[in-house]
Amino acid sequence: MIKEVTDAQEAEARIGRLRLLEALLFASAEPLDEETLAGRVGPEVGLLLEELRAHYAPRGVNLVRTGGGWAFRTAVDLAPELRREEEVSRKLSRAAIETLAIIAYHQPVTRGEIESIRGVATSKGTLDLLMEHGWIRPGKRRETPGRPLTWITTDHFLDHFGLESLRDLPSVDDLRAAGLLDSRPVLLGLGTAGDDGGLAATGEDGDEES
Amino acid sequence: MIKEVTDAQEAEARIGRLRLLEALLFASAEPLDEETLAGRVGPEVGLLLEELRAHYAPRGVNLVRTGGGWAFRTAVDLAPELRREEEVSRKLSRAAIETLAIIAYHQPVTRGEIESIRGVATSKGTLDLLMEHGWIRPGKRRETPGRPLTWITTDHFLDHFGLESLRDLPSVDDLRAAGLLDSRPVLLGLGTAGDDGGLAATGEDGDEES
Amino acid sequence: MAELLAELTADTAADPAVSPSEQLLLVLDGFEGPLDMLLALGRDQKVDLTRISILELADQYLAFVAEARKVRLELAADYLVMAAWLAYLKSRLLLPEPEGEEPSGEDMAAALAFQLQRLEAMKGVAAKLFARPRLGVDVHPRGAPEDLDLRRKSVYEVTLFDLLRAYGQQRARKEAGVLHIAPVRLYSMEEAVQRLTALLGHMPDWATLASFLPGGEGGGLLTRSALAAHFAATLELAKAGRVELRQEGAFAPLYVRGRQAGDTPADPSDS
């Protein structure tokens with residue numbers, strides 16, 4: 001993995017790039033994508049990142065990959081000693097937790113589909129709360145009648161839950177194999193009082209002036 | 001400097017303390033003093049800090065002592081390459097965010113229309129600011145008396161907010177459904193409860209008004 | 001059902017001061033809608049959800065709804081729709097399958113089982129997701145980031161959430177500026193039409209008008225206005241050809257049934 005270095009000068013330049021990469025990643029609280037990093041340390045950024053990752057793997061701070069970006073994070077196994085109580089106490093409602101899971105596993109998913117999966121209408125304060133946490137955002141409109149808005153998860157969602165990509169969602173392959181990631185509405189049209197079709201059709205684009 | 005370690009178990013415990021120390025210093029927003037750190041990693045904190053400092057000395061990130069505390073900082077010699085941008089990030093004023101939102105939703109829209117929607121005069125500086133940042137640009141003139149200039153959003157606007165097209169902006173009803181537009185009538189009775197399913201909404205997620 | 005009730009009200013059951021309706025309300029509070037309740041009932045069967053007895057489940061659910069109605073508990077329409085659907089499903093499962101293009105009882109049972117499994121799966125992964133080490137709770141970013149501003153394309157920090165919230169608040173202010181006259185607490189016919197339409201869509205069989213009425217403690221004027229509004233609504237819907245009505249005689253219970261598209265008009269002797 002580590003490129004053969006023959007020349008002492010080149011070795012020094014390489015160490016310089018490694019140090020710069022380390023400093024860039026350390027300075028930022030948010031993940032940085034490879035493109036941005038390549039702009040600063042050159043095209044061999046992939047190799048340098050792997051080298052850094054390996055160096056930090058056994059340490060108290062690790063280099064992790066999340067949603068296409070890289071960031072330093074404290075090691076997972078130190079969690080019990082670093083847990084911040086005040087964060088833990090901010091508990092989310094069951095509705096919010098389930099809704100987030102449905103968006104994560106079924107995305108892009110419309111509100112109507114979320115409601116049909118949960119069997120109840122989505123209360124106000126659920127989607128906006130998840131969005132305020134930076135976990136979800138509106139995706140493209142679905143090209144079906146009424147053009148309902150879809151919801152998707154963000155890169156910050158991956159970062160927050162320590163996931164490299166959506167493929168790493170717990171049990172995602174099992175659920176897909178079992179056919180449970182099908183968001184089609186089933187015979188029972190439950191909880192879809194405000195189904196997307198009707199809603200999106202009214203007041204489209206919200207450009208009406210009252 | 002490094003304490004002689006004879007026993008394998010003790011060596012492991014020592015590495016554990018070193019890792020915790022590393023993580024604590026990394027995650028702290030403020031430099032941490034030795035007393036605080038000793039409370040977490042034990043009385044030999046001085047030795048551990050020296051060990052960490054030596055480890056990081058040649059790297060892109062250094063452990064430095066600052067004002068009685070310890071903190072990680074990017075290496076001083078890298079400063080030219082890590083130079084901050086001239087302007088630090090600032091919060092956009094509420095008036096500017098609202099104006100931008102109104103242009104996004106109502107475009108093409110004239111300044112007069114923006115003012116009538118917001119109910120207050122728009123300072124010239126607001127539109128200038130939004131234009132300077134490449135979020136809005138003048139559109140066609142409205143073919144009405146006075147031929148007022150209209151304003152529209154730019155591609156950079158879509159880019160900044162991660163939208164593929166203006167069609168993907170949530171509609172007013174989407175906003176309402178997501179809880180971002182909450183305009184409950186002051187006095188709620190059965191007659192007006194129709195907007196989100198009326199009685200059908202009773203007891204959904206416990207967010208209903210009584 | 002009894003098991004579930006006992007389990008969920010263990011704390012209050014011993015307290016004679018708690019009325020049965022309060023107990024039921026407590027049970028209801030524990031659920032996120034009828035599907036969630038069915039799932040809890042299903043788990044009580046202590047078998048794999050794929051081998052669950054849908055008939056047994058329907059019986060347990062209907063027993064719960066009957067109990068709730070006995071103590072005149074106001075059940076959300078969702079719960080009544082589910083009860084109606086399960087009663088229908090039960091009849092389809094017990095009676096010989098009629099000829100026709102409607103989905104068979106087996107299909108309906110399978111669809112319900114699928115929904116329960118899917119919801120169970122989502123609850124499972126939600127728990128797994130939140131059991132993961134979380135940023136800012138278990139795992140931490142650099143506490144003192146040095147603002148390098150590498151990626152920021154704009155010096156202003158505004159997110160889509162900020163933008164949408166600003167617009168929402170602006171609209172809300174505007175809407176709140178409109179004077180709202182407090183409506184009298186009466187059931188309107190429009191509302192009854194809406195409610196009946198929602199309920200009937202899922203109710204292919206005859207049911208008494210009384211069973212559609214919102215129960216509850218509103219009492220007096222509100223209850224009477226609900227009856228009047230629903231009666232007027234059935235007439236309106238019948239006129240529009242969307243429901244069929246049946247009454248055995250004067251003052252006998254009035255039966256309502258949703259009219260499916262393509263149905264032949266009801267036998268005149270029924271009306």
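Note on naming: letters A, B, ... go to the chains in the order of the sequence lines (proteins, then strands), and numbering restarts at 1 for each one.
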Participant: Please state whether the side chain, the backbone, both or neither of Tyr105(A) comes within less than 4.5 Å of a heavy atom of chain C.
Facilitator: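 The answer is the side chain of Tyr105(A).
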
Participant: Quick check on Glu164(A): does its CD atom have over 12 non-hydrogen neighbours (other residues, nucleotides or ligands) under 6.0 Å away?
Facilitator: yes

Participant: Kindly give the heavy-atom pair with the smallest separation between Thr74(A) and Asp138(C), and that separation in Å.
Facilitator: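 So the two residues come closest at OG1-O, 4.1 Å.
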
Participant: Which pair of heavy atoms, one from Ser28(A) and one from Pro145(C), lies closest together, and at what distance?
Facilitator: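 Between these two residues, the closest heavy atoms are C-CB, 4.4 Å.
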
Participant: Which one wins on heavy-atom pair count under 4.5 Å against chain C: Leu78(A), Leu163(A), Val64(A), Leu181(A)?
Facilitator: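 Looking at each option in turn, the highest pair count goes to Leu163(A).
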
Participant: Is Glu106(C) atom CD crowded by more than 12 heavy atoms from other residues, nucleotides or ligands, each under 6.0 Å away?
Facilitator: no

Participant: Tell me, side chain or backbone of Ile102(A) under 4.5 Å from chain C's heavy atoms, or both, or neither?
Facilitator: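 Both parts, heavy atoms under 4.5 Å.
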
Participant: Is there a donor-acceptor pair under 3.5 Å between the side chain of Arg118(C) and the backbone N or O of Asp182(A)?
Facilitator: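 Yes, the answer is positive, given that a donor and an acceptor are paired below the 3.5 Å cut-off.
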
Participant: Tell me which of these, Arg94(A), His156(A), His106(A), has more heavy-atom pairs under 4.5 Å with chain C than the rest.
Facilitator: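 Result: the option with the highest number of such pairs is Arg94(A).
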
Participant: If I measure from the heavy atoms of chain C, does Leu175(A) come under 4.5 Å with its side chain, its backbone, both, or neither?
Facilitator: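 Just its side chain gets close to chain C.
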
Participant: Tell me which of these, Ala131(C), Gly168(C), Pro133(C), has more heavy-atom pairs under 4.5 Å with chain A than the rest.
Facilitator: Pro133(C)

Participant: Nearest heavy-atom pair of Leu119(C) and Ile117(A): which atoms, and what distance?
Facilitator: CD1-O, 3.5 Å

Participant: I need the residue from Ser171(A), Ala79(A), Ala104(A), Gly134(A) with the largest number of non-hydrogen atom pairs under 4.5 Å to chain C.
Facilitator: Ala79(A)

Participant: Any side-chain heavy atom of Val61(A) sitting closer than 4.5 Å to one from Arg142(C)?
Facilitator: no

Participant: Go through the atoms of Leu164(C) and report whether side chain, backbone, both or neither lie under 4.5 Å from a heavy atom of chain A.
Facilitator: side chain

Participant: To the nearest 0.5 Å, what is the distance between CE on Met122(C) and CG on Leu180(A)?
Facilitator: 7.0 Å

Participant: Considering residues, nucleotides and ligands other than Lys90(C), do more than 12 of their heavy atoms fall under 6.0 Å from its NZ?
Facilitator: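 Open: at most 12 neighbouring heavy atoms sit under 6.0 Å from NZ of Lys90(C).
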
Participant: Checking the side chain of Gln115(C) only, and the main-chain atoms of Ser116(A) only, is there a donor and an acceptor separated by less than 3.5 Å?
Facilitator: yes

Participant: Between chain A and each of Ala127(C), Pro141(C), Ala121(C), count heavy-atom pairs under 4.5 Å; write down the option with the most.
Facilitator: Pro141(C)

Participant: On a heavy-atom basis, which atom in Phe161(A) and which in Leu129(C) lie closest, and how many Å separate them?
Facilitator: CD2-O, 3.3 Å

Participant: Checking heavy atoms, do the side chain of Arg73(A), its backbone, both or neither come under 4.5 Å from chain C?
Facilitator: both

Participant: Show the nearest heavy-atom pair for residues Phe161(C) and Asp128(A), with the distance to one decimal.
Facilitator: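 Nearest heavy atoms, Phe161(C) then Asp128(A): CE1-O, 3.6 Å.
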
Participant: Would you mind checking which part of Ala29(A) comes under 4.5 Å of any heavy atom in chain C, side chain (CB onward), backbone (N, CA, C, O), both or neither?
Facilitator: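 For Ala29(A), heavy atoms of backbone and side chain both lie under 4.5 Å from chain C.
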
Participant: Hey, could you give me the CD/CD distance between Glu98(A) and Glu32(C), rounded to the nearest 0.5 Å?
Facilitator: 5.5 Å

Participant: Could you tell me which non-hydrogen atom of Ile97(A) sits nearest to which non-hydrogen atom of Ala126(C), and how far apart they are?
Facilitator: CG2-CB, 3.7 Å

Participant: Looking at side-chain heavy atoms only, is the closest gap between Phe130(C) and Leu100(A) below 4.5 Å?
Facilitator: yes

Participant: Rounded at 0.5 Å granularity, tell me how far CG in Asp78(C) sits from CD in Glu115(A).
Facilitator: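 Taking CG in Asp78(C) and CD in Glu115(A), the distance rounds to 9.5 Å.
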
Participant: Using a cut-off of under 4.5 Å for heavy-atom pairs, which of Asp36(C), Val139(C), Leu89(C) has the most such pairs with chain A?
Facilitator: Val139(C)

